[in-house]
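The structure appears below as structure tokens.
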Amino acid sequence: MSKRAFITGITGQDGSYLAEFLLGKGYDVYGLVRRTSNNPMIRFKEPGKLEKIKIIYGNMRDSASIERALEISKPDEIYNLAAQSDVGISFQCPEEASEVNYYGVGRLVNEAMRVCPQARIYQASTSEMFGRTNPPQNEGSLFQPVSPYGRAKLKAHEDYVTGYRNKHGLFICSGILFNHESPRRGEHFVTRKITISLAKIKHGLQERFQLGNLDAKRDWGFAKDYVEAMWRMLQEDKPDDFVIATGEMHTVREFAEEAAKFFGMDIEWGGGGLEEKGIDRKTKKVVIEVNPAHLRPNEVDFLQGDSSKAERVFGWKHKTAFKDLVRLMAEHDLEHVKREKLL
Ligand code: NAP
Ligand code: G4F
């Protein structure tokens with residue numbers, strides 16, 4: 001009999017890749033979908049996969065809907081990916097971060113303990129929980145979050161992952177994932193914002209775009225590599241927590257330079273602070289400006305993960321290098337903008 005997986009956040013970047021991955025492994029896949037004004041399933045790209053997913057309407061803010069979804073799906077494995085996942089927005093809407101990213105996890109694990117206590121649970125934790133801790137960060141590093149998003153995720157990790165594992169013997173794992181990107185990444189996140197903006201400039205649809213902190217360093221991997229690690233964690237004999245990362249760190253500035261190369265631009269930086277500009281040496285045109293509106297009240301300066309535990313325990317290692325990730329996103333957006341004639 002096929003195994004059954006229940007995914008919250010199935011309409012997001014990771015949810016869509018994970019659902020496709022699990023269908024490929026023969027799972028029956030159920031997904032919690034909240035009502036939105038546009039087509040929520042827009043990210044599903046692999047032919048023949050979307051029709052196989054069983055959608056259950058619900059919301060992480062609504063216990064009754066979660067209970068119903070678990071009763072319908074009767075999962076062997078639960079992947080909790082639903083979140084308000086935008087760190088910058090969490091400063092503006094802190095209650096939503098706490099409602100969905102902390103209380104939502106509580107609703108899910110408490111309902112799971114009643115409805116399907118044997119189910120194994122994956123919780124989408126995050127490198128943002130390390131906050132101010134110096135890199136490289138691993139499972140033993142100090143958590144010092146600086147954003148409402150990071151604090152809500154850390155509280156969920158402490159109360160419902162390590163807490164419920166110790167107190168109730170629940171099979172629940174935290175995947176402490178570092179930034180992972182793809183052509184399906186939301187357009188507000190910095191990598192996708194860069195590739196889509198450069199694609200629009202290339203097609204003559206805009207002249208320049210604006211970023212915030214150019215010096216922040218992130219450990220960027222490819223989302224498709226990372227969803228496999230989520231599944232691997234749940235196949236182990238014992239529940240545990242794992243850092244998933246590439247081990248490489250790059251600045252936002254470096255990401256922009258690398259992407260610009262793909263579009264035939266050669267960025268040099270002039271000015272400093274809020275006056276800094278990225279100028280294409282070839283055309284002498286300003287392509288990137290700094291806009292303080294994109295700066296955060298508190299910033300995580302460096303993230304660089306050490307995922308040697310995941311490699312040792314279940315043989316996971318990232319497959320996609322930084323330059324390949326930038327290229328595949330840029331390639332996608334060059335075509336995407338052309339096709340959609342986005343403005
Ligand atoms: P994403 O693309 O923003 O997807 C978030 C998902 O959560 C969407 O399906 C969204 O549904 C859903 N959601 C939000 N609020 C909800 C609610 N109240 N009820 C039900 N569903 C709700 O995020 P992602 O990049 O795939 O990330 C997946 C998970 O991993 C998140 O928990 C994120 O915090 C965590 N994480 C991500 C990264 C990363 O670099 N991508 C790194 C570490 C951890 P709609 O489609 O309706 O908005
Ligand atoms: O792309 P970002 O918004 O991702 P951030 O804040 O690192 O969060 C992502 O990764 C976390 C894992 O560490 C996840 F948990 C979370 O759900 C999300 O997926 O910003 C990356 C960096 C930041 O330092 C930000 O200040 O880029 C900087 N940045 C500079 N200009 C910008 C911009 N970020 C955004 N979103 N937009 C800008 O214009």
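Reckoned from all heavy atoms, side chains included, excluding hydrogens, waters and symmetry mates. When a ligand or atom number is given, it counts from 1 through the structure's own listing order.
Under a 3.5 Å cut-off, the side chain of Glu139 and the backbone N or O of Val243 do form a donor-acceptor pair. Side-chain N or O atoms of Asn213 include none that pairs as donor or acceptor with a backbone N or O of Leu295 at under 3.5 Å. No donor-acceptor pair closer than 3.5 Å links the side chain of Arg151 to the backbone N or O of Ala97.
The closest heavy-atom contact to atom 18 (N) of ligand 1, among the options Thr8, Asn59, Leu18, Ile244, comes from Asn59. Checking Ala156, Gly31, Ala83, Ser37 against atom 13 (N) of ligand 1, the nearest heavy atom belongs to Ala83.
Scanning the protein heavy atoms around atom 47 (O) of ligand 1, the nearest turns out to be Arg34 NE, 2.8 Å. Nearest protein neighbour of atom 43 (C) of ligand 1, counting heavy atoms only, is Leu177 O, 3.1 Å. Scanning the protein for heavy atoms near atom 23 (O) of ligand 1, the closest one is Ser85 OG, 3.5 Å. Here the heavy atom of the protein found nearest to atom 26 (O) of ligand 1 is Asp14 N, 2.8 Å. Protein heavy atom in closest approach to atom 25 (O) of ligand 1: Arg185 NH1, 3.4 Å. What sits closest to atom 44 (C) of ligand 1 on the protein, heavy atoms only, is Ser125 O, 3.3 Å. Nearest protein heavy-atom neighbour of atom 8 (C) of ligand 1: Thr11 OG1, 3.5 Å. Scanning all protein heavy atoms for the shortest distance to atom 30 (O) of ligand 1 gives Ala124 CB, 3.5 Å.
Taking distance alone, with nitrogen or oxygen atoms compared against 3.5 Å, Arg61 stays at or beyond that limit from ligand 1. Polar contact with ligand 1: present for Leu81 (N/O pair, distance under 3.5 Å). Not one N or O of Gln84 is nearer than 3.5 Å to an N or O of ligand 1, by distance alone. Residue Gly12 places at least one N or O, backbone or side chain, under 3.5 Å from an N or O of ligand 1. The shortest N/O to N/O separation between Tyr149 and ligand 1 falls below 3.5 Å. Considering backbone and side-chain atoms together, Asn179 places no N or O closer than 3.5 Å to any N or O of ligand 1. Residue-to-ligand polar distances keep Ser127 apart from ligand 1: every N/O pair is separated by 3.5 Å or more. The distance criterion of under 3.5 Å between nitrogen or oxygen atoms is met by Met60 with respect to ligand 1.
Contacts with ligand 1 closer than 4.0 Å are made by side-chain heavy atoms of Thr36 only, the backbone lying farther away. Heavy atoms of Lys153 found under 4.0 angstrom from ligand 1 belong exclusively to the side chain. Contacts of Glu128 with ligand 1, taken as heavy-atom pairs under 4.0 Å, are absent altogether. In Ala82, the parts holding a heavy atom less than 4.0 Å from any atom of ligand 1 are both the side chain and the backbone. For Val100, every heavy-atom contact with ligand 1 shorter than 4.0 Å involves the side chain, none the backbone.
The ring pair (Phe, Tyr, Trp, His ring centres under 6.0 Å) pairs that include a residue from residues 94-117 are Tyr102-Tyr160, where partners are two or more places apart or lie in different chains.
Between the side chains of Glu95 and Gln84, no donor-acceptor pair is found at a separation under 3.5 Å. Using modelled atom types and a 3.5 Å distance limit, the side chains of Ser65 and Asn59 yield no donor-acceptor pair. A donor atom on one side chain and an acceptor atom on the other are found under 3.5 Å apart for Gln13 and Ser182.
Look at Glu20 and Lys224 and you find no salt bridge, because none of the NZ, NE, NH1 or NH2 atoms lies under 4.0 Å from a carboxylate O. Looking at Glu77 and Lys3, a side-chain N of the basic residue comes within less than 4.0 Å of a carboxylate O on the acidic one, giving a salt bridge. With respect to Arg114 and Glu71, no salt bridge is recorded, no charged nitrogen being found less than 4.0 Å from a carboxylate O. With salt bridges taken as basic N to acidic carboxylate O contacts below 4.0 Å, one links Arg192 and Asp333.
The ring pair (Phe, Tyr, Trp, His ring centres under 6.0 Å) test with Phe242 singles out one residue from Phe178, Phe314, Tyr122, and that residue is Phe314.
Lys217 forms no cation-pi arrangement with Phe302, by the criterion of a distance under 6.0 Å to the ring centre and an angle within 45° of the ring axis. Taking the ring centre of Phe171 as origin, the terminal cationic atom of Arg120 falls inside the region bounded by 6.0 Å and 45° from the ring axis.
Checked against a 6.0 Å centroid threshold, the rings of Phe143 and Phe130 count as neighbours.
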Does ligand 2 have any N/O pairs with the protein under 3.5 Å, and how far apart?
residue	atom	partner	partner atom	Å
ligand 2	1 (O)	Val190	N	2.9
ligand 2	3 (O)	Arg296	NH2	2.8
ligand 2	6 (O)	Arg296	NH1	2.6
ligand 2	6 (O)	Arg296	NH2	3.3
ligand 2	7 (O)	Asn179	ND2	2.8
ligand 2	7 (O)	Arg218	NE	2.8
ligand 2	10 (O)	Asn179	ND2	3.1
ligand 2	13 (O)	Ser127	OG	2.6
ligand 2	13 (O)	Asn179	OD1	2.8
ligand 2	17 (O)	Ser85	O	2.7
ligand 2	17 (O)	Tyr149	OH	2.8
ligand 2	19 (O)	Arg185	NH1	3.2
ligand 2	19 (O)	Arg185	NH2	2.9
ligand 2	20 (O)	Arg296	NH2	3.4
ligand 2	24 (O)	Arg218	NH2	3.1
ligand 2	24 (O)	Glu299	OE1	3.1
ligand 2	24 (O)	Glu299	OE2	2.9
ligand 2	26 (O)	Glu299	OE2	2.5
ligand 2	31 (N)	Gly212	N	2.8
ligand 2	36 (N)	His188	O	2.9
ligand 2	39 (O)	Lys193	NZ	2.7

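With sequence neighbours excluded, the residues that form a side-chain hydrogen bond (donor to acceptor under 3.5 Å, both in side chains) with Ser125 are Ser174. In this structure Trp316 satisfies the side-chain hydrogen bond (donor to acceptor under 3.5 Å, both in side chains) test with no other residue, sequence neighbours excluded.
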For Arg253 and Glu276, what are the C-alpha separation, side-chain angles and deciding distance, and is it a salt bridge (charged side-chain N to carboxylate O under 4.0 Å, His left out)?
CA-CA 11 Å; Arg253 191 190 298 279; Glu276 185 153 11; 2.4 Å; yes
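Using a 4.0 Å cut-off to heavy atoms of Thr126, the atoms of ligand 1 that qualify are 43 (C), 44 (C).
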